[in-house]
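These notes are about the structure you will find just below.
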Amino acid sequence: QLQACGGGLVQAGGSLRLSCATSGRTSPTYATGWFRQAPGKAREFVAGVRSGGGSTYYTESVKGRFTISRDNAKNTVYLQMIGLKPEDTAVYYCAARKWGVVTTPGDYDYWGQGTLVTVSS
């Protein structure tokens with residue numbers, strides 16, 4: 001129901017755009033979040049967007065560098081990442097839930113497979 005893609009290897013300062021294709025019950029009426037998990041660390045909230053696309057939320061460390069958006073006509077949520085840093089290296093996941101954006105991974109009902117982002121210094 002969720003398919004994430006767009007990861008890759010990029011140098012510090014570079015950019016990537018992740019895409020999360022949604023379908024079925026995870027389509028536009030659901031809030032969508034991006035999470036990431038670095039080796040040996042817990043999964044953490046990165047950004048989220050409400051179902052209508054009007055409200056967005058970011059963790060402090062990515063504010064001003066990452067932008068989440070959604071195209072409901074294409075059932076796709078994007079995470080545009082610029083100014084990437086080595087500490088952004090992680091597997092990135094998209095997730096969906098029905099009742100708005102929250103930062104706790106366990107409160108999301110649907111998850112896509114991860115896409116690996118590697119930022120070299």
Side-chain angles (χ1 to χ4, degrees):
Q1 306 233 353
L2 295 172
Q3 290 188 315
C5 64
L9 173 64
V10 64
Q11 289 187 333
S15 61
L16 283 173
R17 188 177 77 161
L18 306 183
S19 298
C20 176
T22 66
S23 62
R25 296 167 63 183
T26 56
S27 290
T29 58
Y30 280 62
T32 304
W34 283 98
F35 291 78
R36 65 187 179 187
Q37 188 165 17
K41 295 188 176 182
R43 192 169 297 189
E44 66 170 350
F45 174 82
V46 175
V49 60
R50 296 188 65 178
S51 58
S55 297
T56 57
Y57 307 85
Y58 300 92
T59 193
E60 193 64 33
S61 63
V62 308
K63 285 182 179 178
R65 300 189 298 123
F66 291 10
T67 302
I68 188 170
S69 62
R70 68 188 308 152
D71 184 337
N72 287 339
K74 296 182 178 179
N75 289 339
T76 302
V77 175
Y78 303 98
L79 185 67
Q80 178 68 51
M81 306 184 294
I82 65 172
L84 283 161
K85 304 175 181 180
E87 52 263 44
D88 294 317
T89 295
V91 177
Y92 283 71
Y93 300 88
C94 60
R97 67 188 303 271
K98 191 172 183 180
W99 299 114
V101 176
V102 296
T103 61
T104 306
D107 288 335
Y108 284 76
D109 303 308
Y110 304 96
W111 288 85
Q113 86 290 358
T115 185
L116 177 62
V117 172
T118 303
V119 184
S120 62
S121 57

Do [X] and [Y] belong to the same hydrophobic cluster, where Ile, Leu, Val, Met, Phe, Trp and Tyr are linked whenever their side-chain heavy atoms lie under 4.5 Å apart, directly or via other members?
| X | Y | value |
| --- | --- | --- |
| Val49 | Leu79 | yes |
| Phe66 | Val101 | no |
| Val62 | Leu84 | yes |

*Hey, what do you get for CZ (Arg17) to CE (Met81), rounding to the nearest 0.5 Å?*
11.5 Å

*asked:* As an exercise, state the distance from OH of Tyr93 to CG of Leu2, rounded to the nearest 0.5 Å.
replied: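 Reported to 0.5 Å precision, the distance equals 13.5 Å.
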
*Hey, is the main chain of Val119 close enough, under 3.5 Å, to the side chain of Thr89 for a donor-acceptor pair?*
yes

*asked:* Using modelled atom types and a 3.5 Å cut-off, is there a donor and acceptor pairing between side-chain atoms of Arg70 and backbone atoms of Ala31?
replied: no

Please list every donor-acceptor pair under 3.5 Å in which a side-chain atom of residues 3-16 meets a protein atom from a residue at least two apart or in another chain.
none

*Applying side-chain hydrogen bond (donor to acceptor under 3.5 Å, both in side chains), name anything that partners Gln113, two or more places apart in sequence or on another chain.*
none

*Sequence-distant partners of Phe35, ring pair (Phe, Tyr, Trp, His ring centres under 6.0 Å), two or more places apart*: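 Ring pair (Phe, Tyr, Trp, His ring centres under 6.0 Å) list for Phe35, sorted by chain: Phe45, Tyr108, Trp111.
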
*Who else is in Tyr78's hydrophobic cluster (ILVMFWY, side-chain heavy atoms under 4.5 Å, direct or via others)?*
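Via sub-4.5 Å side-chain contacts, Tyr78 links to none.
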
_What I'd like to find out is whether the side chain of Tyr30 reaches to under 4.5 Å of the side chain of Thr22, using heavy atoms alone._
no

*Could you go through the side-chain contact (heavy atoms from CB on, under 4.5 Å) check for Leu18 and Trp34 one step at a time?*
CA-CA 9 Å; Leu18 306 183; Trp34 283 98; 3.6 Å; yes

*Provide the full list of salt bridge (Lys or Arg N to Asp or Glu O under 4.0 Å) pairs with a residue in residues 79-98, sequence neighbours left out, each pair given once.*
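Sorted pair list: Arg36-Asp88, Arg65-Asp88.
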
*Do you know which two heavy atoms are closest between Thr67 and Tyr58, and how far apart they sit?*
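Scanning both residues completely, I find the closest heavy atoms to be CA-OH, 3.4 Å.
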
